[in-house]
Amino acid sequence: MKRIIVAVDGPAGTGKSSVSRQAALEMGLRYIDSGAVYRSITWYVLQRDKKMNGEFRFTNDIAELTIEQEFLRDGCCKTFVNKIEVSDFIRDETITKNIGILSDNRDVRDFVNRLLRRWSREGSVIMDGRDIASVVFPHADVKIYLDASIETRTQRRMKEYREMGKNVDENVVKKEIIQRDEQDRNRPFGALIRSDDAVYVDTSLLSREEAVERMKEIIQRTVSPIDSGLCRMRPYGQRYP
Ligand code: CDP
């Protein structure tokens with residue numbers, strides 16, 4: 001049975017994970033959240049060391065971590081570290097603040113990439129992340145680069161803040177987005193690159209539902225109907241070994 005790999009990347013705030021997750025759900029593919037894997041390792045290191053002071057060494061205990069991810073029928077993606085569910089813990093602000101130290105480390109990236117490639121062999125997948133199409137799966141069956149204007153991403157972020165009840169200055173949010181783009185494009189390893197063979201989708205004027213439809217169309221167009229039919233039959237809810 002043919003397995004397919006759909007690799008989705010693009011800057012932060014373009015809806016990569018929510019659009020990929022929904023498309024995966026509707027097409028019967030498995031969604032893999034690569035960012036959650038980096039977050040999980042950061043969570044583990046913070047638990048172990050209590051704080052990070054800019055110095056980080058890839059030690060044997062990290063190489064031996066058991067990281068698992070489960071994609072559920074309701075679209076929820078759960079992540080486990082050594083059998084502990086960390087899905088909520090890894091969304092904490094302290095993780096976001098410290099993750100760069102780890103995601104810039106070559107050994108961490110090699111470790112995560114091996115894990116992601118192993119997971120992709122278990123079934124048909126949609127995976128999103130900064131370097132998924134360029135480094136992790138340069139031969140992915142489908143590559144999609146999601147983009148959106150700075151203005152749109154600022155407005156989306158402002159809406160999220162408002163929903164959280166936070167009052168934030170729009171100019172500060174915009175500056176942060178510009179800065180994050182700059183950092184992501186200039187990372188020493190796993191920088192954000194738009195692959196020549198990726199289908200470019202500008203979501204600035206699309207609703208989430210329209211972006212999902214667009215992604216599904218691209219996948220269906222690229223993968224033959226017979227193959228995508230087979231993909232739909234893959235079961236959900238299995239945890240990756
Ligand atoms: O939405 P955001 O990109 O902030 O979060 P995420 O997808 O949960 O990823 C968390 C962090 O891991 C971000 O800083 C990403 O740049 C980084 N990451 C990475 O370096 N490589 C990946 N394949 C996925 C995420």
Side-chain angles (χ1 to χ4, degrees), residues 5-22 24 31-46 52 56 58 62 67 69 71 75-79 81 86-120 125-138 140 143-148 150 152-154 156-161 164 173 176-195 198 203 208 211:
I5 298 176
V6 181
V8 181
D9 49 25
T14 51
K16 285 193 302 282
S17 63
S18 64
V19 173
S20 303
R21 190 187 305 256
Q22 188 59 29
Y31 168 69
I32 294 175
D33 182 349
S34 71
V37 178
Y38 286 98
R39 287 177 181 274
S40 298
I41 302 171
T42 310
W43 173 82
Y44 170 80
V45 173
L46 280 170
M52 276 194 229
F56 169 76
F58 185 83
I62 300 174
I67 302 179
Q69 209 166 73
F71 183 50
C76 195
C77 187
K78 291 185 173 180
T79 307
V81 176
V86 296
S87 317
D88 291 337
F89 307 150
I90 61 175
R91 300 291 149 194
D92 196 88
E93 197 70 2
T94 50
I95 305 286
T96 311
K97 275 200 191 115
N98 287 287
I99 198 165
I101 304 168
L102 275 102
S103 65
D104 278 351
N105 181 284
R106 190 172 197 149
D107 293 326
V108 173
R109 296 205 78 83
D110 287 346
F111 169 73
V112 174
N113 292 351
R114 274 198 301 277
L115 185 71
L116 298 175
R117 290 183 188 123
R118 180 149 58 80
W119 286 352
S120 76
V125 299
I126 297 186
M127 199 177 301
D128 80 307
R130 213 168 59 199
D131 61 344
I132 296 301
S134 53
V135 176
V136 189
F137 297 112
K143 294 185 183 181
I144 299 171
Y145 187 94
L146 283 192
D147 205 356
I150 303 274
T152 301
R153 289 153 63 202
T154 306
R156 286 179 187 162
R157 196 86 186 101
M158 289 299 291
K159 186 167 169 267
E160 278 170 20
Y161 280 129
M164 287 190 273
V173 172
E176 276 171 7
I177 291 175
I178 295 171
Q179 207 173 12
R180 168 82 191 265
D181 280 359
E182 187 68 15
Q183 284 169 354
D184 280 351
R185 293 200 171 100
N186 294 300
R187 293 276 179 201
F189 307 112
L192 173 65
I193 298 165
R194 184 176 150 195
S195 311
T203 68
R208 198 179 78 111

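We count ligands from 1, going down the list as the structure has it; atoms in each ligand are counted the same way.
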Problem - side-chain hydrogen bond (donor to acceptor under 3.5 Å, both in side chains), paired with R153, selected from T14, D181, T203 - result: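 In the set T14, D181, T203, the residue that makes a side-chain hydrogen bond (donor to acceptor under 3.5 Å, both in side chains) with R153 is D181.
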Exercise for the section: Report yes or no: does R187 contribute a side-chain atom to a donor-acceptor pair with the main-chain N or O of L192 at less than 3.5 Å? Expected result: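 Not confirmed, R187 side chain does not pair with L192 backbone.
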Exercise for the section: Ignoring hydrogens and angles, tell me if any N or O in the side chain of R130 forms a donor-acceptor pair with the backbone of G190 under 3.5 Å. Expected result: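 Indeed, once roles are kept as given, a pair shorter than 3.5 Å links the two residues.
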Practice task
Please assess Y44 against L102 for the test side-chain contact (heavy atoms from CB on, under 4.5 Å), listing each intermediate value before the final yes or no.
Solution key: CA-CA 11 Å; Y44 170 80; L102 275 102; over 6 Å; no
Exercise for the section: Could you tell me whether R91 approaches ligand 1 through its side chain, its backbone, both or neither, with non-hydrogen atoms closer than 4.0 Å? Expected result: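 It is the side chain that touches ligand 1; the backbone stays farther off.
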Completion exercise
To the nearest 0.5 Å, atom CG of D9 lies from atom NZ of K143 at 8.5 Å
Fill in the blank from the handout: So CD1 of I32 and OG1 of T79: to nearest 0.5 Å the spacing works out to 10.5 Å
Please write down residue, atom name and distance for the protein heavy atom closest to [atom].
{"atom": "atom 16 (O) of ligand 1", "answer": "R130 NH1, 2.9 Å"}
{"atom": "atom 12 (O) of ligand 1", "answer": "I99 CD1, 3.6 Å"}
{"atom": "atom 8 (O) of ligand 1", "answer": "R39 NE, 2.7 Å"}

Practice task
Would you check whether M127 reaches within less than 4.0 Å of ligand 1, judged by its heavy atoms?
Solution key: no
Problem - 4.0 Å heavy-atom contact, R187 with ligand 1 - result: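 R187 does not count as a contact of ligand 1 under the 4.0 Å cut-off.
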Practice task
Can you see which heavy atom on S134 is nearest to which on A191, and at what distance?
Solution key: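 Closest approach of S134 to A191: OG-O, 4.4 Å.
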Practice task
Would you tell me which option among G35, G13, S103 has the nearest heavy-atom contact to atom 6 (P) of ligand 1?
Solution key: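 Nearest heavy atom to atom 6 (P) of ligand 1 lies in G35.
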Does [X], backbone or side chain, put an N or O under 3.5 Å from an N or O of ligand 1?
{"X": "R180", "value": "yes"}
{"X": "Y38", "value": "no"}
{"X": "K16", "value": "no"}
{"X": "R109", "value": "yes"}

Fill in the blank from the handout: By salt bridge (charged side-chain N to carboxylate O under 4.0 Å, His left out), R185 pairs with (sequence neighbours left out) none
Handout entry: Numbered atoms of ligand 1 (with element) below 4.0 Å of S34, judged on heavy atoms
Key = 22 (C), 23 (N), 24 (C)
Problem - Cation-pi geometry met for R157 and Y161 (6.0 Å, 45°) - result: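 Yes.
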Exercise for the section: Would you confirm whether any non-hydrogen atom of the protein falls under 4.0 Å from atom 1 (O) of ligand 1? Expected result: no
